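Values in this document were obtained by computation on a predicted structure and should not be read as measured data.
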Amino acid sequence: MRVSEVALGGWLTQGRTLDSSATAAIVRHAFELGVNFFDTADVYNLGEAEKALGHAVKDLRRRNLFIATKCYFPMSEAPNDRGLSRKHIVESCNDSLKRLGLDYIDLYQFHRHDPESPIEEVVRAVDDLVRQGKVLYWGVSMWPAGAIVDACRVAESWRCTLPVSNQPVYNLLQREIESAVISASEQAGVGQVVFSPLAQGILTGKYRPGQPPPAGSRGADDSSNQFMSRFLEDAELERIQALGPIIEEAGCTWAQFALAWCLRQQNVSSVIVGASRPEQLDDNVAASGLAIDPELFKRAEACVA
């Protein structure tokens, strides 16, 4: 399966800060730029993101789209409305299809590893969904290397559909997957579709030490900046601002440099970006195929190490 190197996600925007018409405008602009990979999850604003994405793609040719969603996190207070039991996987898939208004999901991802659900049950449940035509491919998100290996081993030994992807956080500032996940994934034939490649926007260069976050930015929104607070400290921002001369030498924007750095990794198939305005995508999508001297990447890595 071929997916665009830059994908559009809706974690903190679709169905939350963007209404349906704004989401549709951004999705359609992304499609016009060549993006075919659109990522969401049932838990994003408790289903509202899936509904918004479904509305946005309803007039686009289905076979030209690659739609991904996820399940795992609680969707209600009900004790079985969470995790990766067969019951929750099957019911969550059916609910996502209804919200998206689709007949099938291209990539169904398990949002976290669930140690309470036997991997055999997980693999068999999603394989049944594949055989029923409700899911084409399946993957995981933020799974440790050992769990990825176990899932592939069980799927292969039981002649079930193997996972094809993992969705981890990965960027210049957060490189944890390089220690074990990438090597395990390469051996298993699993590709990475990474989220937060811009470190929640920190790697766009717009946050400056000694200055408040720009008005309207994620950093200024206390309801959505909880995952970036440590990067907003002045000491961190000073270190990050030192990337400026290197990026200037590369001759591209901050965002393009950060996305191209992720895509330099052969095991990374796609980087998932968010957008609150269509024009933001013009800058991000231009990172696909961008040729940057590997020495500049090495200098950048040393700068923020």
Side-chain angles (χ1 to χ4, degrees), residues 1-4 7 9 36-44 47 49-50 53-54 57 60-73 75 80-144 146-168 181 184-193 195 267 269-270 272:
M1 181 63 205
R2 301 289 188 266
V3 295
S4 51
N36 72 345
F37 186 1
F38 298 91
D39 179 77
T40 187
D42 58 357
V43 75
Y44 295 167
E50 287 183 323
L53 179 60
V57 303
L60 299 177
R61 196 174 188 220
R62 178 65 181 94
R63 66 181 58 191
N64 292 337
L65 303 172
F66 190 79
I67 306 293
T69 192
K70 313 177 190 72
C71 79
Y72 166 80
F73 286 109
M75 290 295 288
N80 291 312
D81 201 10
R82 64 197 68 203
L84 296 180
S85 66
R86 169 180 285 272
K87 178 177 175 63
H88 186 58
I89 289 172
V90 171
E91 292 175 347
S92 293
C93 179
N94 289 333
D95 289 343
S96 288
L97 286 170
K98 290 176 184 176
R99 286 189 290 263
L100 288 163
L102 301 177
D103 295 324
Y104 64 90
I105 295 164
D106 293 284
L107 178 64
Y108 199 44
Q109 304 159 101
F110 298 133
H111 218 154
R112 291 296 186 273
H113 178 244
D114 182 3
E116 296 184 356
S117 296
I119 192 62
E120 293 82 2
E121 180 175 345
V122 175
V123 169
R124 184 69 81 186
V126 72
D127 186 63
D128 286 345
L129 292 173
V130 172
R131 293 173 187 274
Q132 293 164 18
K134 295 180 178 180
V135 168
L136 301 187
Y137 303 92
W138 73 277
V140 301
S141 178
M142 294 291 286
W143 277 33
I148 293 173
V149 171
D150 284 346
C152 292
R153 174 185 54 78
V154 168
E156 186 170 17
S157 65
W158 284 15
R159 297 176 181 261
C160 292
T161 309
L162 275 75
V164 298
S165 65
N166 176 46
Q167 187 176 139
V181 169
S185 297
E186 286 176 334
Q187 293 177 25
V190 170
Q192 312 300 316
V193 290
F195 74 93
N267 191 233
S269 303
S270 190
I272 301 171

What heavy-atom pair brings [X] and [Y] nearest, and what distance separates the two atoms?
X: Ser96; Y: Glu50; result: OG-OE2, 2.7 Å
X: Ser141; Y: Gln167; result: OG-O, 2.7 Å
X: Cys152; Y: Pro163; result: SG-CG, 3.6 Å
X: Ser117; Y: Leu84; result: OG-C, 3.2 Å
X: His88; Y: Gly83; result: CD2-O, 2.8 Å
X: His113; Y: Pro144; result: CB-CD, 4.1 Å

Can you check whether [X] reaches [Y] side chain to side chain, under 4.5 Å on heavy atoms?
X: Gln187; Y: Val149; value: no
X: Ser4; Y: Phe66; value: no
X: Leu136; Y: Trp138; value: no
X: Val57; Y: Arg62; value: no

Just how far is it from atom [atom1] of [X] to atom [atom2] of [Y], taken to the nearest 0.5 Å?
X: Cys93; Y: Lys98; atom1: SG; atom2: NZ; value: 11.0 Å
X: Asn36; Y: Met1; atom1: CG; atom2: CE; value: 5.5 Å
X: Leu65; Y: Phe37; atom1: CG; atom2: CZ; value: 12.0 Å
X: Leu97; Y: Ile105; atom1: CG; atom2: CD1; value: 4.0 Å
X: Tyr72; Y: Phe110; atom1: OH; atom2: CZ; value: 12.5 Å
X: Asp81; Y: Met75; atom1: CG; atom2: CE; value: 7.0 Å

Distance-only donor-acceptor hits, side chain of residues 124-131, under 3.5 Å, sequence neighbours excluded:
| from | atom 1 | to | atom 2 | distance (Å) |
| --- | --- | --- | --- | --- |
| Asp127 | OD1 | Thr161 | N | 2.8 |
| Asp127 | OD1 | Thr161 | OG1 | 2.9 |
| Asp127 | OD2 | Arg131 | NE | 2.6 |
| Asp127 | OD2 | Arg131 | NH2 | 3.4 |
| Asp128 | OD2 | Arg86 | NH1 | 3.0 |
| Asp128 | OD2 | Arg86 | NH2 | 3.1 |

Return yes when atom CG of Asp103 has more than 12 non-hydrogen atoms of other residues, nucleotides or ligands closer than 6.0 Å, and no otherwise. no
Please check if atom OH in Tyr137 has more than 12 non-hydrogen atoms from other residues, nucleotides or ligands closer than 6.0 Å. no
Using atom types as modelled and distance alone, determine if a side-chain donor or acceptor of [X] lies under 3.5 Å from a backbone N or O of [Y].
X: Ser185; Y: Gly191; result: no
X: Ser269; Y: Val193; result: no
X: Trp143; Y: Arg112; result: yes
X: Asp114; Y: Arg82; result: no

Is the Phe73 ring parallel, tilted or perpendicular to the His111 ring (thresholds 30°, 60°)? perpendicular
Answer with yes or no whether the side chains of Tyr44 and Lys70 bring together a donor and an acceptor at under 3.5 Å. yes
Picking from Thr69, Asn166, Asp39, what satisfies side-chain hydrogen bond (donor to acceptor under 3.5 Å, both in side chains) with Gln109? Asp39
Consider side chain to side chain contact (heavy atoms under 4.5 Å, CB included). Of Val43, Val90, Asp95, Asp42, which one does Cys71 pass it with? Asp42
Where at least one partner belongs to residues 146-157, residue pairs that pass side-chain hydrogen bond (donor to acceptor under 3.5 Å, both in side chains), sequence neighbours excluded: none
